[in-house]
Number of protein chains: 2
Amino acid sequence: MAAANVKDVAALAGVSLGTVSNVLNRPEIVSPETADRVMQAIEKLGFVRNDAARQLKAGRSNTIGLVVLDVRNPFFTDLARGAEDGAGAAGLSILLGDSGRSHERETAYLDLFEEQRVHGVLVSPLSDVARRLEGLRRRGIPAVLVDRSGTGSGFSSVSVDDVAGGRLAVEHLISIGRRRIAYLAGSFDFSQVTDRLRGAREAVASHPGTTLEVIDIGGLTVLEGRAAGERIVARAADDRPDGIFTANDLIAVGVLQALVMQSDIRVPGDVALVGYDDIDFAQTAVVPLSSVRQPSALLGRTAVEILLDEARDPTLQPRQIVFQPELVIRASTVP
Amino acid sequence: MAAANVKDVAALAGVSLGTVSNVLNRPEIVSPETADRVMQAIEKLGFVRNDAARQLKAGRSNTIGLVVLDVRNPFFTDLARGAEDGAGAAGLSILLGDSGRSHERETAYLDLFEEQRVHGVLVSPLSDVARRLEGLRRRGIPAVLVDRSGTGSGFSSVSVDDVAGGRLAVEHLISIGRRRIAYLAGSFDFSQVTDRLRGAREAVASHPGTTLEVIDIGGLTVLEGRAAGERIVARAADDRPDGIFTANDLIAVGVLQALVMQSDIRVPGDVALVGYDDIDFAQTAVVPLSSVRQPSALLGRTAVEILLDEARDPTLQPRQIVFQPELVIRASTVP
DNA sequence: GATTCATTCTGAAGCGTTTCAACGCACCCT
DNA sequence: AGGGTGCGTTGAAACGCTTCAGAATGAATC
């Protein structure tokens, strides 16, 4: 009834403890017949290795901690999936923690991971966790920042080039003939929001005759997008932008609701629209939404790879990997 | 440089191993002065308890495994959050695994949890995991099914009464004067889909003069909802339902797109619409959507409580807890 | 037959914690 | 003075695994 351990298996198979362990961990050094006998004993007893003992011996757990800002955000779940794949390839698993943008929870997870002696941690940091991560590193636990540049922090990072994303979106609007571009966003204290704006500015700057109007809509939600859309609808036709770029897809969906529902403005005929993030709803919107997609899974996978490299060789210099986003063109810009 | 352990702390504080452990685990039995000295030593050395050793000694880890079908589904993330809260209250943490509806991943997580000697597992099962869970139970790891009735399986479960949800939705449609109700759904092999239908049938049956038309739209997505909506738009006005209940919110959003965008049918004037799940997009739809909400977090929290009860006393009879869903009324039924 | 070598297996040591019986001590009560 | 009580502390044992130096065996070489 009590869980079987290696000793029980060894006794049943008529071998020593060490041999059972070898069957489990280095099967190539034990003779096929012995291995077979041991396997049968394992089967018979329903033996399951005790991970705690194994970890205690090994000095570290075979897991990687991942703290994300919000599991409900598909960006992070895709990222987590990528990280899991990467970890799985190395025989590790991912411990997923959702900080929900709470400092307290973020810290709690890092504490937990430290007690667990994880292989390393991946963090999409709420704010400045550099000091905390520094402490982990001193203990031999490397960390990689995800979705945030680690430049200057002394840590490696994987992130997406939001400036390029903004440029991509607006270049596209310009390439389909739009001249009066508007950037709709809120929460300008998020670096993502301002980086995308910077990219938009660059695109406009390099195309004479185009203008960029920046509209602060106060937030990043559908409702705020719709309100902003209504204000645009209310404008005189020749005062409206003919291309709109929004800081995320939620805003774009809101804008779309206002334009298509509450007016006869055509999308993309009169106004072309590009969102950001390529959420599921982007392609199922009333007018399928062009959007900038981030390679989330790749981000996760790469973060794990860097982490493992650093776990292997702690003297490695921190690396900042920046991925390029991708534009997904749909009917909101090209009918 | 090497991580400090209790021995180091004990040496620095000039006490024995046991005392350090007592400070950590039963501070009330050690004198304040000693405790203080130990705490200072811990601080100074940056001692962090090694969870593996602790778990090895304890025989089980202080975590609960949770396997969900899809982390991207808000229902499950809310559930996970509830489970975390419940676990946190008991000093445990949640190991979250996403099976992504893959048998392989589901099994892999259960294996992992077993090796980790988790306190118990919560599973939203892909199919029949009863045998596997039986094995876990024999090893002293209790399991609770979530979002699925465990009746007959020998396991406790927490789920939501989908029949009641269907009844609730259709009763509401009838109460606002609708008589020709349609139920739009796909994937009739999911028990949720058929249970909701059953509830709808019950509601119609108890209100003479009302009818229920069941429309199989082939799936559960926005696109299929929109296609179905278009077919309804194409019907003669007096052949259309005046109340539509959909198996989930995605379908409802699709229907809404078709009705409001591609016709002059008014919602709720001509057709009232009720969805299911109350996803974020329900309230930000062009016409905010009435929907049936499930108490996801409560489900998670309760599942953990039952699990801990069973961990404490394995002879407990399995309990089937069924929660009642709640109707959230918005403009798609009541202007 | 002695020596070397490769192969396979053994079993004790040790990972860091918690637990628990035992101990020392001060104090109080006869 | 002897015995009892309670508090605070001690330190060895145990949890189940992996590792590793060495033993045992058999084959190959001299």
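Quick note: numbers below take in every heavy atom, side chains included, and nothing from hydrogens, waters or symmetry partners. The chains referred to below are lettered A, B, ... by the order of the sequence lines, with proteins before strands, and numbering in each begins at 1. Computed from a predicted model, the values in this text were never measured in an experiment.
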Run the side chain to side chain donor-acceptor pair (under 3.5 Å) test against [X] and tell me which residues pass, sequence neighbours left out.
X: B:Ser31; answer: B:Thr34
X: B:Thr151; answer: B:Ser149
X: B:Asn50; answer: none
X: B:Arg101; answer: none

Comparing nearest nucleotides in DNA chain D, the 5'-proximal residue of the pair B:Gly14, A:Leu56 is B:Gly14
With salt bridge (Lys or Arg N to Asp or Glu O under 4.0 Å) as the rule and sequence neighbours excluded, what pairs involving residues 46-57 of chain B come up? none
What I want to find out is whether A:Asp8 reaches A:Lys44 closely enough, with some N-O distance under 4.0 Å, to be called a salt bridge. no
On the ring face of B:Phe155, is B:Arg137 found with NZ or CZ under 6.0 Å from the centre and within 45° of the axis? yes
Spacing of A:Ile29 atom CD1 relative to C:dT10 atom C1', expressed in whole Å: 12 Å
Could you list the residues that satisfy side chain to side chain contact (heavy atoms under 4.5 Å, CB included) with B:Val129, not counting sequence neighbours?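 Side chain to side chain contact (heavy atoms under 4.5 Å, CB included) list for B:Val129, sorted by chain: B:Glu106, B:Pro125, B:Leu133.
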Run A:Leu24 and A:Ile42 through side chain to side chain contact (heavy atoms under 4.5 Å, CB included) and show every step you take. CA-CA 10 Å; A:Leu24 257 28; A:Ile42 287 178; 3.6 Å; yes
For residues 294-307 of chain A, which residue pairs qualify under side chain to side chain donor-acceptor pair (under 3.5 Å), counting only residues two or more places apart or in two chains? A:Asp277-A:Gln294
Mind running a 4.0 Å heavy-atom check of residues 30-44 of chain A against DNA chain C and sending the residues that fall below it, in number order?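 Those residues are A:Val30, A:Ser31, A:Thr34.
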Can you see which heavy atom on B:Pro318 is nearest to which on B:Ser156, and at what distance? CA-OG, 3.3 Å
Give the dot-bracket string for DNA chain C, reading 5' to 3', where a pair is Watson-Crick or G-U wobble with both distances under 3.5 Å, ( ) marks pairs inside the strand, [ ] marks pairs crossing earlier ones, | marks a partner on another strand, and . marks unpaired. ||||||||||||||||||||||||||||||
Can you confirm whether the side chains of B:Ser61 and B:Thr63 place a donor and an acceptor under 3.5 Å from each other? yes
At less than 4.0 Å, is any side-chain N or O atom of A:Ser16 found next to OP1 or OP2 of C:dG11? Yes or no.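 No, A:Ser16 has no side-chain N/O under 4.0 Å of OP1/OP2 on C:dG11.
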Quick check for you: name the first and last nucleotides of DNA chain D, 5' to 3', having an atom under 4.0 Å from a heavy atom of chain A.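 Listing 5' to 3', DNA chain D meets chain A from D:dG16 to D:dT19.
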Let me have the donor-acceptor pairs involving side chains of residues 72-79 of chain A, under 3.5 Å, with sequence neighbours excluded, atom names and distances please.
from: A:Arg72; atom 1: NH1; to: B:Asp78; atom 2: OD1; distance (Å): 3.0
from: A:Arg72; atom 1: NH2; to: B:Asp280; atom 2: OD2; distance (Å): 3.4
from: A:Asn73; atom 1: OD1; to: A:Phe75; atom 2: N; distance (Å): 2.9
from: A:Thr77; atom 1: OG1; to: A:Pro74; atom 2: O; distance (Å): 3.0
from: A:Asp78; atom 1: OD1; to: B:Arg72; atom 2: NH1; distance (Å): 3.0

One character per nucleotide, please: for nucleotides 17-28 of chain C, 5' to 3', B when the base has a protein heavy atom closer than 4.0 Å, S when only the sugar-phosphate does, - otherwise. BBB---------
